[in-house]
Amino acid sequence: MKRMFCVLLICLLLTGCTTQNKVQQTVFAMDTVMDLQVWGREADAAMPQLKALIGKMESTWSATLGNSVPECLNRGQTVTLTDSQKHFLEQVELLSKRTGSAFDPRLRSLSFAWGFFHEENRFEDFVLPTEKQIMAAIAEQKWDLGAVVKGYTGQQAAALLAQMDVDRAILNLGGNIQTFGSKPDGTPWQIGIQDPDGDGNVGILSIAGTMAVVTSGDYQRYFERDGKRYHHILDPVTGYPAESGLRSVTVICRDGVVADALSTALFVMGAEKGAEFWQTSDDFEAVFLLTDGRILATEGVKLSGCEYEVICREE
Ligand code: AMP
Ligand code: MG
């Protein structure tokens with residue numbers, strides 16, 4: 001009996017050790033700082049694989065690296081795609097249709113006209129694009145998958161971890177969070193929604209299991225001119241940074257590509273249209289931070305630490 005107890009104790013300790021093995025690393029990729037935390041027996045082995053995946057996703061899908069798929073397509077070159085890459089591009093097209101092109105994957109020239117690819121907009125002598133230049137840039141229809149690449153990367157990272165002896169992980173890919181697995185005690189992940197005006201959080205989301213939690217905000221990339229903020233989320237109709245009464249949108253969804261495309265699209269739509277869009281969907285939840293300080297959350301969201309209004313399904 002005593003021997004059996006000892007064996008049981010050793011087993012328990014070993015299981016404990018396995019879940020205790022945590023590896024954390026910070027990487028700079030896709031023009032942002034990424035924080036990777038992985039728990040489990042193969043957490044060490046997972047890190048270089050995750051970093052290689054992130055690097056590969058950046059070189060394949062970047063809007064600025066010359067040999068990426070979108071840049072080859074933009075030059076009119078024929079590109080041979082893998083089945084999974086084809087599937088990604090098909091999904092992107094469907095999401096563009098689904099959002100009435102609020103998510104538009106062909107706005108590269110427009111982002112360029114606003115200086116978001118060359119950062120000239122940071123300088124005082126950067127001249128804002130004219131109406132004519134804006135319309136010409138929209139018409140060019142050049143690929144830019146910047147609104148979905150991080151979500152896609154999070155999703156691929158979760159698929160990679162699922163093939164390894166990894167218990168759980170939380171990957172912060174610069175505003176895009178991908179959770180993987182559950183905590184040993186079954187409690188949900190606690191994920192802050194960033195305060196657009198500071199380093200803190202405006203509220204905390206409880207997220208269960210493997211999920212993408214993606215935020216698009218006017219504070220993530222912007223410049224100011226004459227006291228006005230010009231941010232990087234562009235309205236494909238007006239060609240200007242979207243002015244929809246929002247500071248940020250956070251989307252919670254099992255599919256990282258959907259989460260990322262919708263965070264951008266809902267930001268363009270604004271809270272009212274975004275709420276209507278949610279009412280006709282069943283694959284995501286969302287939190288809207290409004291410019292007037294209000295917080296709106298769809299009814300499936302578990303949010304604490306702040307006051308908010310709940311968006312319900314219509315009867
Ligand atoms: P996100 O941070 O996911 O909202 O993505 C913003 C990035 O997507 C920008 O930096 C642009 O490269 C690109 N982008 C801007 N506006 C749009 C839009 N309406 N639809 C799709 N991509 C966009
Ligand atoms: Mg996005």
Side-chain angles (χ1 to χ4, degrees), residues 29-34 57-58 61-65 68 70-71 74 88-89 91-119 121-122 129 134 137-138 140-155 172-178 193-194 196 212-223 229-244 246-253 255-270 273-274 277 284 286-289:
M30 301 184 184
D31 211 18
T32 190
V33 178
M34 301 185 171
M57 293 297 277
E58 181 169 20
W61 299 110
S62 161
T64 48
L65 297 174
S68 70
E71 283 296 82
N74 287 338
F88 170 55
L89 287 184
Q91 192 183 9
V92 162
E93 295 285 23
L94 285 175
L95 284 160
S96 181
K97 276 206 189 87
R98 178 179 166 189
T99 60
S101 294
F103 160 69
D104 181 343
R106 291 183 183 80
L107 292 181
R108 188 192 190 282
S109 303
L110 187 61
S111 284
F112 198 84
W114 284 105
F116 285 113
F117 285 130
H118 40 85
E119 304 287 332
N121 52 24
R122 304 251 171 260
I134 287 173
I138 294 176
E140 278 192 20
Q141 294 274 292
K142 300 256 192 220
W143 286 95
D144 166 22
L145 297 164
V148 278
V149 169
K150 282 190 269 168
Y152 185 32
T153 304
Q155 184 161 305
N172 184 345
L173 310 179
N176 281 51
I177 313 276
Q178 176 69 52
I193 296 183
Q194 198 182 322
V213 182
V214 177
T215 300
S216 289
D218 73 355
Y219 56 90
Q220 290 167 334
R221 250 176 137 189
Y222 67 94
F223 63 95
R229 177 177 296 215
Y230 294 88
H231 62 79
H232 69 142
I233 304 169
L234 304 170
D235 184 329
V237 175
T238 65
Y240 283 77
E243 287 193 51
S244 56
L246 293 177
R247 300 301 312 278
S248 78
V249 180
T250 299
V251 172
I252 303 144
C253 180
D255 185 308
V257 177
V258 175
D260 208 355
L262 293 188
S263 71
T264 309
L266 294 178
F267 192 99
V268 172
M269 290 180 201
K273 274 198 193 148
F277 182 85
F284 74 95
V287 180
F288 301 87
L289 301 195

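Nothing here was measured: the structure is a model prediction, and the numbers come from that model. Numbers here simply count residues along the sequence, with the first being 1. We count ligands from 1, going down the list as the structure has it; atoms in each ligand are counted the same way.
Ligand 1 has Phe103 within reach: a non-hydrogen atom of the residue lies less than 4.0 Å from it.
A cation-pi arrangement is not found for Arg221 relative to Phe116, the charged atom failing to lie both closer than 6.0 Å to the ring centre and inside a 45° cone about the ring normal.
Considering backbone and side-chain N/O atoms, Val268 never comes within less than 3.5 Å of an N/O atom of ligand 1. At a 3.5 angstrom cut-off on N or O pairs, Ile233 does not count as close to ligand 1. At least one N or O atom of His232 sits closer than 3.5 Å to an N or O atom of ligand 1.
The aromatic rings of Phe117 and Phe112 are tilted relative to each other, their planes meeting at an angle between 30° and 60°.
Ion pairing between a basic and an acidic side chain is recognised when a charged N comes within 4.0 Å of a carboxylate O; Asp218 and Arg229 show such pairing. A salt bridge links Glu93 with Arg106: the closest approach of a Lys/Arg side-chain nitrogen to an acidic carboxylate oxygen falls below 4.0 angstrom.
Put simply, the side chain of His231 gets close to the backbone of Ala242: a donor and an acceptor are under 3.5 Å apart.
Counting all heavy atoms, side chain and backbone alike, Ala259 lies closest to Val214 at CB-CG2, 3.7 Å. A pairwise comparison of heavy atoms in Leu234 and Ser111 identifies CD1-OG, 3.5 Å as the closest pair.
Contacts with ligand 1 closer than 4.0 Å are made by backbone heavy atoms (N, CA, C, O) of Ala102 only, the side chain lying farther away. In Ser111, the part holding a heavy atom less than 4.0 Å from any atom of ligand 1 is the side chain. Under 4.0 Å from ligand 1, the heavy atoms of Leu107 that appear belong solely to its side chain.
Coordination check, Asn176 versus the Mg ion (ligand 2): failed, since every N/O/S atom of the residue sits at 2.8 Å or beyond.
Annotation: Tyr152 is in aromatic contact with Phe88 [ring centroid separation under 6.0 Å].
The closest non-hydrogen atom to atom 21 (C) of ligand 1, taken over Thr99, Val149, Asp104, comes from Asp104. In this comparison of Thr264, Leu145, Leu266, the heavy atom closest to atom 1 (P) of ligand 1 sits on Thr264.
From the protein, the heavy atom lying nearest to atom 11 (C) of ligand 1 is Asp144 OD2, 3.3 Å. At the shortest separation from atom 16 (N) of ligand 1 among protein heavy atoms lies Leu234 N, 3.0 Å. Taking atom 5 (O) of ligand 1 as the reference point, the nearest protein heavy-atom neighbour is Ala147 CA, 3.3 Å.
Residues Arg98 and Phe277 are in side-chain contact: their nearest non-hydrogen atoms beyond the backbone lie under 4.5 Å apart.
Of all atoms in ligand 1, listed by their number and element, those nearer than 4.0 Å to a heavy atom of Asp260 are 3 (O).
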Go through the steps to decide whether Arg108 and Glu140 satisfy the test salt bridge (Lys or Arg N to Asp or Glu O under 4.0 Å), and finish with yes or no. CA-CA 8 Å; Arg108 188 192 190 282; Glu140 278 192 20; over 6 Å; no
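Our summary of the site lists the angle at the Mg ion (ligand 2) between O of Asp260 and O of Ala147 as 90°, to the nearest 10 degrees.
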